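One structure is given below, encoded as structure tokens.
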Amino acid sequence: MSPETGPSQPYTRTSEIPIWLARLSDQQLGDLVEKRLQGFPAGLPLPSRDEEPKDVLEYAFRKADERLRAKFRRALRGVVDRLAAEVLSRGPAFLDDHYDFLEAACSLVAYTNCGEAWDSLSLLYNRLGDDNAKAVRTVILRCLSGLVRPPESQALDVFGPMVEKFESLLTDFDLSGLAFQAVFRYDCRRAARLVPRFAGALLSQSPEDAPHALARILSPMVTMLPEADQEGLVTDAWDATLKASVRGSTELVDCVLQGLRETWGIAPGARSHIDFLSQLRLFTGLSVEAGRHIKFIDETAGWKHANFGSSMIGEYLSCMQIGAVDMLSPTADPVKKYESPGLETDDDWVVVVPDTPARYKDSVDRILKPEPRVHVYQPPKSGWTTYVGEPRRMSKTGGASAFSRVAPEQEDHLMYRSPKACGRRAALRKGE
Amino acid sequence: MPPPGPKNFMQALQEGVTDHGAPAGAWDRFIDALKSSGAEPTLWVGKMREGNFVLEAWKRELRVPNARAHQIAAALAGLLALGPGEWPANLVDVLQWCKGFEKEWDAPVARGVEGATFVTIQRLRRFREVMGELPPYGSFSPMDEAYQQEEAIHKELNAGGAWADSLLVELSRALAEGRAPSKPGKALDAPYPARWNTVWVTTKDEVASYISLDELRDALGLTHCRENDYVLVFSYALGSTGNTRVPMAIEGLGGWAWWPASPGDEQRSINYRTGEIGPREFVHSADAIPAGAVRIQTKGRLLRNWDDSPPLSGV
């Protein structure tokens, strides 16, 4: 048979290709894979428009049983070993001249999860010189990043040293995404603690796009984790961010906050929004810029507006009031500003949130109004927006956990029993 | 008596190459290289006949005025002057580069598509490769993760909202970013890189009757979309009808599954499983897509290969 055209084609349709490959010897399969990756037909259907020569190999691997997959990986390892041998004998410039082959081989190695090729690929990376094109370095790193596995997944931790190299690349804007991904595969909690550094690298290059880029990289990885790991991840990422915020980078905090919000916003079910709001509430309580972060909270809640239940409202209001602590004027007396003729029940609650940041008001209304048991009242000539209703989780005795963070004397400024319950409703009805 | 001259495009191209000072014998070496390398395919079309498709396609391209061959010949002569040792190892690349000449060919403007909504079907896998700047979607990843990533994108798009919109923008921006011809180690860049941004489309009305994605794939002759591939069908209107052109042989050289129409006929796809003629095919530059115009018409996984037997109706 011709090496370029490969063996004859004893198949008549695409689905028979894996069966045919399974019948080949290891040597034949290795030759076939190598030739195909070099762009030759090698006995397989020609690439069609918008198709890479390796695509049919990916299809065959996808359809293969475990035995053929193992054979496939052995063949692929042989291909990479031969490539490494060529580099050793001809120098790293060989890779620049055979970039297409290298890229196709690396892509297939990652796709087939061919950990057997790790040693040769690491060798290739370590042999690269300054003269090599950056694309060559990137394509090898990308492949290595795809192969990294947790240390406990094998007897010998072969990935550790390379992961340390990946960590050092986190500040390289072009490679930071790959580097973060590699560390994440190795240990997601370790990666979580690197979130501020990673976000910092993104911020340094593109401040506006950084939160979105962070979420874009983080969200697919998070989706693949068990829920327990997801919670640990967000906690660690948040802790690391708070520590970083001590050094005064508000932009960094905002970037991470926004990135996490987007991450969880697109992975519903990975973690409830209430939990996430709790994280934000904690942060809001610590932040000196509560107003800004209330806006984040509002946007987060509004994101999943359709699923916004009464329990969420309780949490939301809790968050709002934590923020309100920072914005309340020490001399303000909400009681005097309060007037409401519309109270209907005996157990209504009056929740007072400042409308000082008028830009939040529309958002608050938008979120609260759809809840049928919450009525919105806007007192005239008032510096306060008053929400009247029955947020079920909000009772002084056991509802909103957020109030544990509020001093009792402050609580009275934040939430009021209905006038009737407080003995004031009757007074109002009497016109007093 | 008609004046003596080239009888077809290939002859015109050969003469043009010689006129532009290609070394003696360069053309023959070029053709030999085409024949001896993987660029001359042993056509594999399942139930269809075998043949030297690519060269046949060149020879059958009678809609191309021979005068344009001389424009192409200038660039091709420069390529041939490098000598066989410096040609790219894979001559498919040469053919790919030839696609770039289409700009100079000035493919005919499509008629009868004024106001039409166009659709194109794309594999999500391709976007992951194209969008290399957006890891991890663009990163090499194991098969199972690739599957999960596709599902994650599917969920994002279904969820709607600002995030899905931004993702759609990114996907539509990458609609036509095919295999980049200029890579490290290559001696030459593509002559007209802008023309790589070519999207193959048909009209929405003509594919409305195809219920399943598999049927649509078959009708459009997209043999590279295989079982379990996740595909997206984009739809959009183009601002100007002049942006839509009729694809010609050179554009189809990137793959075997394209059959040029006879002169005067409309260019239509072929269902390679049944041999039936399908919807009209058009091309346009990706730059012609108005901002925000792209919508996802449908999406999902293919259930079979193009050459698998479809399930019996009613089963």
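Chain letters run A, B, ... following the sequence lines, proteins first, then strands; residues in each count from 1. Every value quoted in this text rests on a predicted model; they were computed, and no experiment measured them.
- Using a 4.5 Å cut-off between heavy atoms, B:Glu227 touches chain A through backbone and side chain atoms alike.
- The shortest side-chain heavy-atom distance between B:Glu145 and A:Arg185 falls under the 4.5 Å cut-off.
- The local environment of CG in B:Asn158 is crowded, with over 12 non-hydrogen atoms from other residues, nucleotides or ligands closer than 6.0 Å.
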Review point. Checking side-chain contact (heavy atoms from CB on, under 4.5 Å) for the pair A:Arg69/B:Met143: CA distance, chi angles, key distance, verdict?
Key: CA-CA 12 Å; A:Arg69 286 183 182 179; B:Met143 177 184 64; 3.5 Å; yes
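- Contact annotation for A:Cys106: both backbone and side-chain heavy atoms come within less than 4.5 Å of a heavy atom of chain B.
- A heavy-atom distance below 4.5 Å is not found between the side chains of A:Leu147 and B:Phe140.
- No side-chain heavy atom of A:Lys63 sits less than 4.5 Å from a side-chain heavy atom of B:Asn228.
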Check your understanding: Would B:Asp307 and A:Thr14 count as a side-chain hydrogen bond (donor to acceptor under 3.5 Å, both in side chains) if you check the C-alpha gap in whole Å, the side-chain angles of each, and the deciding distance to 0.1 Å?
Key -> CA-CA 7 Å; B:Asp307 51 357; A:Thr14 307; 3.0 Å; yes
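- Heavy atoms of B:Asp308 lying under 4.5 Å from chain A belong to its backbone as well as its side chain.
- Contacts between A:Val109 and chain B at a heavy-atom distance below 4.5 Å are absent for every atom of the residue.
- For chain A, the nearby parts of B:Asp229 are the backbone and the side chain; heavy atoms of each come within less than 4.5 Å.
- The two residues B:Pro142 and A:Asn113 make their nearest non-hydrogen contact at CB-CB, 4.2 Å.
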